[in-house]
Amino acid sequence: MVWPDYSAFMLPEWLDLETLRFLALLVIFALGLLALKVLRMIRQPSLQIVATVLIFALGLAVWTFRDNLQDCSITCDCSAGGYDVQFDAGQLDRCAHIARNQ
């Protein structure tokens, strides 16, 4: 059985590199609000700690994903979740210039 090559799939054009980085910031902000809500709603200290640590770990994962997006803008090779990420016109010109000079 031959498995399809999913690496060739691309994210929609409107979901470019800068949009993904901005959405990651929004997710981190929303996780911060969720952590505050959890601390106010949950009365048991042990559950507060567990929930806050889980939310913090998720926020750290999103921040790492955002940092990886910054790195891939430098290397001009970017994928998110197995999907290729679109570059905007300015980024495409910069990548073409880098490719010509190598």
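Heads up: numbering here begins at 1 and tracks the sequence. These numbers come from the heavy atoms of this one structure, side chains and all, not from hydrogens, waters or symmetry mates.
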* Structure fact -> So CG of Leu34 and CE of Met41: to nearest 0.5 Å the spacing works out to 10.5 Å

* Asked: Taking only residues two or more places apart in sequence, or in another chain, which ones meet Leu39 in a side chain to side chain contact (heavy atoms under 4.5 Å, CB included)?
  -> Gln48, Thr52

* Cluster overlap Leu25 with Leu23, hydrophobic side-chain contacts below 4.5 Å -> no

* **Hphob cluster co-occupancy, Ile49 + Leu58, side-chain heavy atoms under 4.5 angstrom** => no

* What closest approach, in Å, do Ala51 and Ile42 show between heavy atoms, and which atom pair accounts for it? -> CB-CD1, 4.3 Å

* Gap between atom CD1 of Ile28 and atom CG of Leu60 - 0.5 Å precision -> 9.0 Å

* In the hydrophobic cluster built from side-chain contacts under 4.5 Å, what are the other members alongside Leu54? -> Val50

* Roughly how far, to the nearest 0.5 Å, is the CG atom of Leu31 from the CZ atom of Phe56? -> 11.5 Å

* Do you reckon Trp63 sits in the same ILVMFWY cluster as Val27, going by side-chain contacts under 4.5 Å, direct or chained? -> yes

* If you round to the nearest 0.5 Å, how far is CZ of Phe22 from CG of Leu26? -> 4.0 Å

* Structure fact -> side chain to side chain contact (heavy atoms under 4.5 Å, CB included) filter on Ala35, not counting sequence neighbours, yields Ile55

